[in-house]
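We name chains A, B, ... by the order of the sequence lines, and we start the count at 1 in each one. In this text, all values refer to a predicted model and were calculated from it rather than measured experimentally.
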Amino acid sequence: MASSLSSTSEKRKTPSSDNVNGNQPKKNHWSAALSAAIDDESVQVYKDDLCTVINDKFPKACIHLLVMPNENIANLKSVNNTHVSLLKHMLKVGKETAEKVAAKANARGSFAHFRYGYHAIPSMALLHMHVISQDFISDSLKTKKHWNSFTSDYFLDASQVIDDLQANGFIRVDTVRMRKLLDNELTCHRCSNNFTTMPKLKQHLLMHIS
DNA sequence: GTTCTAGAAC
DNA sequence: GTTCTAGAAC
């Protein structure tokens, strides 16, 4: 049909994790970086038939890993009841790899305490589960959005995601509510004190190292 | 996802 | 005057 010819006035669509098969981000666009890591042995911490683990390129804590399926699944919207065992496997691998990395680094306390989960609205176009130590001491942790994406309900626990998937056969995300969470006050995840700026919060986090 | 930087906040 | 945040990036 001739009507499918695009006009020059059509807005350029920014690639994002919303893209599904047939509408993927351009190969070298930043949002496609994880797909490249799947095939790049030099950045891999662990790999098996089903999933790959890498170090986050901009870690938001001392230990920050990403677990991704080898299969091209864009995000949680593309996940269905056929993926339950895959997500369970990713969580298991994430836990085992975290323990190994922590042991090797002689990590203690919050440096060896991890959360496993997904961002409600990810930026990268390949499903990825965060494995992140709870110290949050990192130069790459800079913005309120960074903080709230890991410490508010915006961070969806992997076990809860798996439970929801088993119960419903899909994952639903309230994007309006989630986007608002990123503007939350800066609240310490350990003692609930509030801070007015990121530098003040980051200074405070040092106090929780025991 | 990050970088850069204008101007808000202090 | 300096620190800090927040929005554009073609």
Rounded interatomic separation in angstrom, taking CE from Met198(A) and C1' from dC4(C): 11 Å

Quick one: Ile132(A) CD1 to dG1(B) P, roughly how many Å, whole number? 11 Å

Glu96(A) and Tyr46(A), any side-chain heavy atoms less than 4.5 Å apart: no

So Lys60(A), base contact, sugar-phosphate only, or nothing? Heavy-atom distance under 4.0 Å. sugar-phosphate

dC10(C) pairs with, by Watson-Crick or G-U criteria that keep both distances under 3.5 Å: none

To the nearest Å, how far apart are Lys144(A) NZ and dT2(B) P? 18 Å

Would you say the side chains of Lys47(A) and Thr52(A) form a donor-acceptor pair under 3.5 Å? yes

When rounded to whole Å, the CZ to C1' distance for the pair Arg179(A) and dG7(C) reads 15 Å

Report the distance from atom NZ of Lys200(A) to atom P of dT5(C), rounded to the nearest whole Å. 9 Å

Leu127(A) has an atom CG; how far is it from atom P of dG1(B), in whole Å? 13 Å

Before we go on, tell me: are the rings of His189(A) and Phe155(A) under 6.0 Å apart, centre to centre? no

Rounded to the Å, how far apart are Trp30(A) CH2 and dC10(C) P? 14 Å

Expected output is a numbered-order residue list: members of residues 133-143 of chain A with a heavy atom under 4.0 Å from any atom of DNA chain B. What is it? Lys142(A)

Compute whether any side-chain donor of one residue and acceptor of the other, for Gln160(A) and Asp164(A), lie under 3.5 angstrom apart. yes

The side-chain contact (heavy atoms from CB on, under 4.5 Å) partner of Ile171(A) among Ile162(A), Val161(A), Asn75(A) is Val161(A)

Just checking, is any N or O donor in the side chain of Ser159(A) or Asp157(A) under 3.5 Å from an acceptor N or O on the other one? no

Report yes if at least one side-chain N or O of His146(A) is closer than 4.0 Å to OP1 or OP2 of dT2(B); otherwise report no. yes

Could you state the atom-to-atom distance from CG of Leu201(A) to P of dT3(C) in whole Å? 19 Å

Does CG belonging to Asp139(A) count more than 12 external heavy atoms closer than 6.0 Å? no

OP1, OP2 of dG1(B) versus side-chain N and O of His29(A): anything below 4.0 Å? no

